[in-house]
Amino acid sequence: MVRKPKGPPGEFLYHEPCDECGSSDAKAVYDNGTGYCFSCKAYFKDQTVEDIDHEPKGGSKFLSGSYQDIPNRNLREEVCQKFGYQIGEYKGQPCHIANYRDPKTGRVIAQKIRQKIDGKKRFTLLGQGKGLPFYGQHLYSGGKRLVITEGEIDCLSVATAMGDGKWPVVSLPNGAQSAEDTIKAQLEWLDTFDEIVLCFDQDEPGREALERALPLLPPGKAYVMTLPLKDANEVLLSPDHGTKAISDAFWNRAPWRPDGIVSGQDIELEALMSAVAKGYDTRLPIFNMKYGGIRKREILLLTAGSGIGKSTLARELAYGLHQDHGLTIGNVFLEESKEKTAQGYIAIDNNVPLGKLRTDPTILSKDQWAASHEKIVKQRMYFYDHFGSLESDRLLAKLRFMAVVLKCDFIMLDHISIVVSGQEGSGEGERRDIDRLMTSLRSLVEETGVGIVAIVHLKQPEGKPHEEGGRVTLSQLRGSGSLKQLSDGVAALERDQQGEKSHLCLMRLLKNREFGDTGECDTLGYDKLTGRLEPTESQSDFDALDV
């Protein structure tokens, strides 16, 4: 009967066929009467459990058997004798006996009894029930190469193929599920070999065990054998494969490298000689010259003091990308409604101030509203309907949807601090949250290729306030060092809100990972009549701006 597990399983007893998926040996039976299939993930209860005999303190007689050829497994007597694999009888029925010995003393500490009863495999364990070493471990004290298989018969099969036991081969004591615990317990012994080659079954449980086991092995020593059939004995029995296929798999073993590590031999020359995609030009000429335009697969941060024009600049950049390059924009403006964000684009398109438009919508005719609505809001624009702070995990799911499903080229995120609900005095909590968020954003742009333009706030400077034209530095980004470390570019606006030229602000490039060119960029002027924030036409305005 299939059921959901209510707690940890009992002590593993043996493998048997699974009635749910038909696997011949993926189902594990435990001493508490439960079962679990590592192939189809089914759980079972009320299993018929074979009694386990344990060695009493005074010592008990283990089964005695004989060493002989096992024709139906293509195993020869001399290999079986070396590993202590016998043929005998248990409770009146014929059986295979795998003797487990203490690696230090060579004394038999357990016997795994393998039988076929009513057509089903049945395993019984005599003696020590926990913490068994590898099967065959007592035979070796180090060397050049070691092969580890999932089961005893597979161990004997590989040993047969590799010169009748001349090469070190061992097996896990309790199949795939025992890989982690056994490797951890025997790590010191494993380290006495130059190479450790895993030859697990070519099925889902084997692959899963392989992924868990490989990172545990000593660095630089892990290798993987890939078999043409499910396991080593199946290959040995196959007339189309046999010992040669096992030997070939061994000599073609592949060194294991963690995900993300690639040999230079795998990097094609043509890939190195391919030009990086050119950035999209903005309407800021000096910024374009220094930064090379805004690029996808990058994070560009915009920052400034309070009320300087960060959100206005973000909308201007998005409007230009949308209209000049035909790109798809995702809008996540968390301090305003989706309607206000859309109104902002309509205001830009009609050269009217947003505040004035929202106060008196009739300054545009209905035809003007409809034309801009059709031209911008309904074309390649997506808006996130949210106001206020939210959990970063939820936000990242929305951003991923915009990038992957909606095919957004750029996402405008205003702003990072509100994502983590950062408040003054939140200290280490806010820094850790921003670290996690920036790491996730970095992974998102690399994985999906989307570009992100995000707004970040500043800390209060010790000297001249930002709102009075104080110069912005990278160290003033509020929240975490990851903001400057994980971003590709950082651009700041500087403006004296109370000065004679309060309508002018200087754009300063603080970070430029691709080209390295930083410093002063465009002087932007805010036109109160049109509501636009655009580069000034006169160079004298740029030279005269005192910030």
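No experiment lies behind these values; they were computed from the predicted model shown.
Looking at heavy atoms from C-beta onward, Pro228 lies in side-chain contact with Val235 at the 4.5 angstrom threshold. Using a 4.5 Å cut-off on side-chain heavy atoms (C-beta onward), Tyr384 and Leu334 make contact. No side-chain heavy atom of Ile246 sits less than 4.5 Å from a side-chain heavy atom of Cys199. Within the 4.5 Å cutoff, the side chain of Met162 has no heavy atoms near those of the Val147 side chain. When side chains are defined from C-beta on, Leu75 counts as touching Leu236, because their heavy atoms get closer than 4.5 Å. Considering only heavy atoms from C-beta on, Ser157 stays 4.5 Å or farther from Asn74 through its side chain. With a 4.5 Å cut-off on side-chain heavy atoms, Glu208 and Glu204 count as touching.
Scanning both residues, Ala232 and Asp154, for their nearest heavy atoms gives N-OD1, 3.4 Å. Nearest heavy-atom pair, Ser178 versus Asn174, reported as atom, atom and distance to 0.1 Å: OG-N, 3.2 Å. Here the shortest heavy-atom pairing between Trp189 and Ser141 reads NE1-CA, 4.3 Å.
Screening Arg297, Arg442, Lys511 for a side chain to side chain donor-acceptor pair (under 3.5 Å) involving Asp488 leaves a single residue, Arg442. With respect to Asn99, the side chain to side chain donor-acceptor pair (under 3.5 Å) criterion is satisfied by exactly one of Glu152, Gln86, His138: Gln86. Among the candidates Ile183, Leu214, Leu217, the single residue satisfying the side chain to side chain contact (heavy atoms under 4.5 Å, CB included) test with Ile196 is Leu217.
If you take CD on Glu298 and CD on Glu514, they are separated by 6.0 Å, rounding to the nearest 0.5 Å. Taking OH from Tyr85 and CG from Leu156, the interatomic distance works out to 7.0 Å, rounded to the nearest 0.5 Å. The distance from atom CD1 of Ile113 to atom CD1 of Ile97, rounded to the nearest 0.5 Å, is 5.0 Å.
In this structure a side-chain-to-backbone donor-acceptor pair under 3.5 Å is missing from Asp194 to Arg145. In this structure, the side chain of Gln115 engages the main chain of Tyr90 through a donor-acceptor pair within 3.5 Å. Under the 3.5 Å distance criterion, the side-chain polar atoms of Thr448 are matched with a main-chain donor or acceptor of Leu444. Judged by distance alone, with hydrogens and angles left aside, the side-chain atoms of Lys221 form a donor-acceptor pair with the main-chain N or O of Phe193 at under 3.5 Å. The backbone N or O of Val445 sits nowhere less than 3.5 Å from a side-chain atom of Glu447 that would complete a donor-acceptor pair. Side-chain atoms of Lys244 do not come within 3.5 Å of backbone N or O of His241 as any donor-acceptor pair. Checked by atom type and distance alone, the side chain of Trp256 never pairs as donor or acceptor with a backbone atom of Pro215 at under 3.5 Å. Without hydrogens or angle criteria, Asp69 side chain to Pro71 main chain gives no donor-acceptor distance under 3.5 Å.
Comment: Arg107 does not engage Asp102 in a salt bridge, judged by the lack of any side-chain N to carboxylate O separation of less than 4.0 angstrom.
Using cut-offs of 30° and 60° on the angle between ring planes, the pair Tyr280 and Phe410 is perpendicular.
Scanning for salt bridge (Lys or Arg N to Asp or Glu O under 4.0 Å) contacts around Lys104 gives an empty result, with sequence neighbours left out.
Residue pairs that meet the salt bridge (Lys or Arg N to Asp or Glu O under 4.0 Å) test with at least one member in residues 131-142, sequence neighbours left out, do not exist here. Among residues at least two apart or in separate chains, salt bridge (Lys or Arg N to Asp or Glu O under 4.0 Å) pairs with a member in residues 77-89 are Arg76-Glu78.
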